[in-house]
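Comments concern the structure below.
Lettering of chains follows the sequences in order, A, B, ..., and the numbering in each one begins at 1.
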Amino acid sequence: MAKKIAVIDGNSLMHRAFHAVDSPMNTADGTPTNAVFGFMAMFLKFVDLAHPDAVVCAFDAGIPEFRKTAIEGYKAQRPPMDPDLRVQFPIIEDLLESMNVPVVRISGWEGDDILGTIAARDEALGYETLLVTGDRDAFQLASDLTRIVATKRGITDVAVYGPDEVLARYGVTPAQVPDFLGLKGDSSDNIPGVPGVGEKTAAKLLRQYGSLEGLYEHTDELKGKQKERIEENRDAAFGSRQVATIVRDLDFPLDLEGAAFPSFDPERVKAAFEKVQFNAQLARVLKLAGEEVPPEKEAALVDAPVCEGAQASELLDAALARGERVSAALGVRSPGELFETQVCAVGTSQGVGLFEGDEALRVLSLLVRTAPFAALDVKELVHAAYPADTSKPAVVSDAELMAMDAFDLGLAAYALNSSVSEYTLAKLAEKHLGGVLPEVEDPTDALVQQAAAAFALVEPLTRALADDGSDAAYFDIDLPLVAVLAIMERTGAAIDSQRMRKLDDYASGEIAGLAEQIYALAGETFNIDSPKQLAAILFDKLGLPPLKKNQRGYSTDATVLTELAKDHEIPGLVIRYRELSKIKKTYIDTLPKTAAAAGDGRLHTTFHETVTSTGRLSSSDPNLQNIPVRTDFGRQIRDCFVPLRDGDEFVSADYSQIELRLLAHLSQDEKLLEAFNSGADFHAATASHVFGIPLEGVTPEMRSRAKAVNFGIVYGQQAFGLSQSLGIPFQEAKEMIERYFEAYPGVRTFLDDTVEHARQRGFAETMFGRKRHIPELKSRNANQRGFGERTAMNHPMQGSAADIIKKAMREVQQRLMDEGFQAKLMLQVHDELDFSCPTEEVERLSAMVREVMMSVASCDVELEVDVGVGPTWADAH
DNA sequence: TGCTGACAAA
DNA sequence: TGGAGATTGTCAGCAT
């Protein structure tokens, strides 16, 4: 097979990477490394996919004289390179050199010309060449042996162009590319071209006349404005072509025959990559050469002796007698193919003990009931012994659960940084133990490693929580909630499956009818669920105006369809079709099945405490936090949620406008505080301030606008967003927001201070000290920064609300038990708690829950709670 | 299998 | 100059 040489246009890739990788990254001395990181990400992905035999990297080193004279001002108006990018060139060169990738830089020439020259030499040698670049001029170099790897959006997304692809994409051959660029120009390189001639026209002219020479011999065949423009800009066209023509015969030494990749000294590579702290990338580079990750770091982790059976029991007993907080990790072992036994690994200071099957469960319940222990996910472990649904008797009582002495490593890590996508022992070990978990094949060995790491992590995480000031969020709020969530998950929620079936009949009929109507109007059948096919019908066949684009074509989302519904019947029908089929597919088709699959016929969701960055919970499998309520049909789904037992009522308690009340408390804005404390209708009070009229004069229309502004403020919404949600002109929305801040000046000050504080310290925090780190505030990208600012403003409100309801949940659960309630806490939906409650307890429960929810936080505004009671969830609102 | 568009909720 | 509200979870279509 022919040798494959890759040549990278270093400047082009560094520019791309600089803009594509926006997250702030620095070396120890503060030098930015985002472009280097992006470059290497692209490099590694490319090498993985293409497996080149050798890699060369070319950089610009000036501009050749002939380009400067051909076009006056060639690259002249380009602003000087961003200093944050400039400083990264020496770093990338250092990395490349450490990997033995030749760096070519020819004084007075640009990278493109080096690419062209190497490709020409390769072709002479019969080698294959891959040219990696983001610049379009390189397409002229495509040939049977030479292909262009062009970066698309971002950096790691690429397209490969040979001659056929160039022709397909631009309608010209590679040889015609300079003429093509000469006509159409290239704004990024300051190549003027012929004004008014774009991609389509340039390609058409070249197909007809072959080249610039051919075109200018036949300008008499052209007509009108086009003829004038082309004739007038003859010099610009030829000059532009010259600038765009890549030189292919530079003279520089490069040993192509001897070049090879990967071939490098691992020590040198390690040194270079460790300097910039690209540990994950280092591992990938070393792997290319068959090298393993630095082994000395693994040794830093516990190399614990492992035992089983009676010895394991002794190990555990001794550790508990010493008062140690042992660790536990749960897994399965499958000796044969048929049976899987549960295995529990327990970590102690003297080693790891393994327990299997019934022994594992015995040990788990022992830990939960009587011993201090630690685990990555305590709730998951609890369910293994508890057990997870009410069809079997509980091995551990609710009271024992509430009293358990657990340390949840995942929750601790979440309190330290809530923006991490996944909390694993491997990542925690890397961060807090300074070593990587050894990669082991055998699942049991892996479990042992996890137990050992979990044991070792308790101390450093406890210290980190205290150092960071995040111990309150963890110890007072998140950790005590684990038992409550475990109890709720086991309790489950009940649905009326009969009723669901009736809903199914109705929905199925409606959906089929709607589909028929849509097909009839469209004149053909198609898949309405496919946005692509729907777009083809609406925009191609019916010729409706495409109002919005997405990555793959024209958008067919609800806002677009609503607008189009004015012109045609189909969009309205599709909206209704989507509403019904979404609800049918997501809830009606799945909830009864899920319930039937559980031992007790109930829905047992999983609540996640480490997913959101604000401190809210999330729910999955099934998600019971997004059960419909807004539309009539949606509410029918809530009507299927019923109390757990005959004789129970569904009780729902929710905080009224908790985020806005917290805003009043936190900002201490006098008028806002007064608006809540006077007991008046809050949205109406806002309307009265914003529109400058007495309370009695507020119309329902004004009130609903004020309500939208109130909610917008919570989310950091801006004028554009408000104008969209209210369907009013931008200017009007802008004025409303301005008047809002005039009416509540304390709010403006508070939000500004919050952002400023967050910018300085790197995080925003809630009333109870829950932090959210916001590195985006330091971003160079204005959109990212805007995101950071909105996040900083929103976190104290949304996060404090989350803290408050979590505290309330723990206390409510405690009092349910202490005061002998039969009522059960079933669900939490952000600012709402739902119970199943015997009729005779309803009064007592309502009073208790209200009292607890209102009193867990002391604020300068009352935290009002509405309690509803009814036979179903829908009725309890 | 992984990504995308669309849509449910507070 | 262009873009201009957020988060999470689930489903189906579609490309690989």
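- Atom P of nucleotide B:dG5 and atom CG of A:Leu561 are separated by 15 Å, given to the nearest angstrom.
- Taking side-chain N and O atoms only, A:Arg630 has a distance below 4.0 Å to OP1 or OP2 of B:dA9.
- For the pair A:Arg578 CZ and B:dA6 C1', the interatomic distance rounds to 6 Å; values are reported in whole Å.
- Rounding to whole angstrom units, OH of residue A:Tyr577 and P of B:dA6 are separated by 15 Å.
- For A:Tyr740 (side chain) and A:Glu735 (main-chain N/O), no donor-acceptor pair under 3.5 Å exists by modelled atom type.
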Under the side-chain contact (heavy atoms from CB on, under 4.5 Å) rule, what do A:Arg635 and A:His877 come out as? Steps first, then yes or no, please.
-> CA-CA 11 Å; A:Arg635 259 187 300 281; A:His877 261 280; over 6 Å; no

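- Between the CD atom of A:Gln625 and the P atom of C:dT10 there is a distance of 11 Å, rounded to whole Å.
- Following rounding to the nearest Å, A:Lys584 (NZ) and C:dT10 (P) show an atom-to-atom distance of 19 Å.
- No cation-pi contact links A:Arg772 to A:Phe763, judged by a cut-off of 6.0 Å to the six-membered ring centre and 45° from its axis.
- Atom CD1 of A:Ile627 is separated from atom P of C:dT10 by 11 Å (rounded to the nearest Å).
- A cation-pi contact links A:Lys807 to A:Phe768, judged by a cut-off of 6.0 Å to the six-membered ring centre and 45° from its axis.
- Note: CE (A:Met797) to C1' (B:dA10) measures 15 Å, nearest angstrom.
- Using a 4.0 Å heavy-atom distance criterion, A:Asp621 is classed as a sugar-phosphate-only contact.
- Under a 3.5 Å cut-off, the side chain of A:Ser800 and the backbone N or O of A:Pro796 do form a donor-acceptor pair.
- Aromatic ring centres of A:Phe711 and A:Tyr715: separated by at least 6.0 Å.
- Atom pair A:Leu827:CG and B:dA10:C1' shows a separation of 13 Å (rounding to whole Å applied).
- A distance of about 24 Å separates the C1' atoms of C:dA4 and B:dA9, rounded to the whole Å.
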Sequence-aligned protein contact record of nucleotides 11-16 of chain C, with B where the base is within under 4.0 Å of a protein heavy atom and S where only the sugar-phosphate is = SSSSS-

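- The residue A:Val629 sits close only to the backbone: its heavy atoms come under 4.0 Å of sugar-phosphate atoms, none of a base.
- The aromatic rings of A:Phe641 and A:Trp873 sit perpendicular, their planes meeting at an angle over 60°, well past the 30° parallel limit.
- For the residue pair A:Glu489 / A:His383, a side-chain donor-acceptor distance below 3.5 Å is found, with atom types taken as modelled.
- For the pair A:His568 (side chain) and A:Ile570 (backbone), a donor-acceptor distance under 3.5 Å is present.
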Under 4.0 Å protein heavy-atom contacts per nucleotide of nucleotides 1-8 of chain C, with B for base, S for backbone only and - for none | ---BBSSS

